[in-house]
Amino acid sequence: KNKVTSSSRINISLFNALKAVGFKNVYFMMLSTRENGFPTKLHATLDDFNYDLIMILIENKKYLLDASDKLLSFGQIPFESLNGEGRVFDFKKGSYWETIVPEENNNTRVKMKIFFNDEGFISGNKTITRNGYHAIETKKFIKKYSEREYIKIIESQNPMIEVENYVLKNKNLKEKPLIEVFDITIEEDENSYFTINSLLSLGNINPFKLETRNYPIDYGYKKKYVYTLNFKLLDGYEFDKIPKDLILAIPDKGGSYIQKISHTNNQLNVYIKLQLNKTKFLTTDYQYLKKFYDDIIQAQNQLIHLQKK
């Protein structure tokens with residue numbers, strides 16, 4: 001039978017198991033989740049805490065553990081737990097506050113190669129490799145649907161693209177990146193116009209729409225995205241319009257965007273790197289972030305045009 005129990009009971013069992021096999025530096029950490037808000041530090045109370053983890057010290061390095069989520073690898077904790085600090089309980093020395101530091105390796109890499117096939121259609125493949133929380137978020141989303149339903153969602157997000165074949169790798173391997181491979185065909189615009197966004201499906205909506213913001217932006221963890229696109233034409237065709245290079249930066253090294261374009265007569269290469277180097281941005285950073293995303297979307301919507309020589 002399937003039995004349901006709380007995350008606290010599961011992590012208590014983990015605590016006892018680690019103690020039983022000889023680990024000495026094992027502690028409980030209590031925290032307040034992102035949705036629950038920040039716990040008070042003005043006075044001693046347990047009322048503000050609504051989640052617990054295990055902290056273990058191995059060779060002077062601290063690890064936070066949560067055995068309640070099967071998708072988490074060693075040292076990962078749920079995204080909802082990334083909320084500043086937790087209270088560590090040492091039953092011999094008392095309790096103290098400990099900063100919750102998310103893992104650094106949270107990135108997505110997209111590699112796309114497209115070309116005109118013998119029938120005159122654009123086809124190719126797209127490989128998406130995700131690590132860290134990027135992989136966990138995608139696994140949770142994929143788990144909700146059948147493969148056919150998931151492919152329909154992907155196609156609905158970009159009507160130009162049709163998925164001919166799909167392969168998912170490392171779905172159940174926590175310590176390895178999640179890899180998706182799509183064999184695709186692309187419906188050519190009748191005027192042979194494309195954009196970086198339409199080909200790579202990067203999104204076309206700025207997440208920051210308000211004129212002002214009265215509270216910080218908390219991403220929870222640092223993020224990195226890298227995209228490469230190789231577009232090869234048939235002999236007799238050329239690119240007569242391509243996007244421009246662009247470099248953007250958020251003040252105080254908060255983030256950066258690099259877009260580099262290179263091409264020959266019949267081949268276009270696009271390289272994009274987007275990094276957010278802070279987990280939290282203050283309200284004073286809001287206008288910089290809003291313009292940052294506006295400029296990115298504008299750059300990715302520059303036209304790519306093909307023509308016969």
[X] and [Y] aromatic centres sub-6.0 Å:
X	Y	answer
His263	Phe231	no
Phe89	Phe28	no
Tyr166	Tyr150	yes
Phe74	Tyr63	yes
Phe208	Phe292	no

What one should report as the nearest heavy-atom pair of Leu282 and Ile217 is O-CD1, 4.3 Å
Smallest heavy-atom separation, Ser201 atom then Ile161 atom, equals OG-CD1, 4.1 Å
Side-chain donor-acceptor pair under 3.5 Å between [X] and [Y], yes or no?
X	Y	value
Gln76	Ser73	yes
Tyr51	Ser68	yes
His134	Asn106	no
Thr283	Arg213	no
Asn107	Asn131	yes
Thr129	Arg109	no
Asn197	Thr195	no
Gln300	Tyr257	yes

(request) Measure from NZ or CZ of Lys143 to the centre of the six-membered ring of Tyr145, then state whether that distance is under 6.0 Å and the direction lies within 45° of the axis. (result) no
Hey, are Lys290 and Asp294 close enough for a salt bridge, meaning a charged N less than 4.0 Å from a carboxylate O? no
Pairwise side-chain contact, [X] with [Y], heavy-atom cut-off 4.5 Å (strictly under):
X	Y	answer
Leu65	Leu14	yes
Asp183	Val163	no
Ile250	Phe281	yes
Ile136	Lys139	no

*asked:* Which label fits Phe49 and Trp97: parallel for a plane angle under 30°, tilted from 30 to 60°, or perpendicular past 60°?
replied: tilted
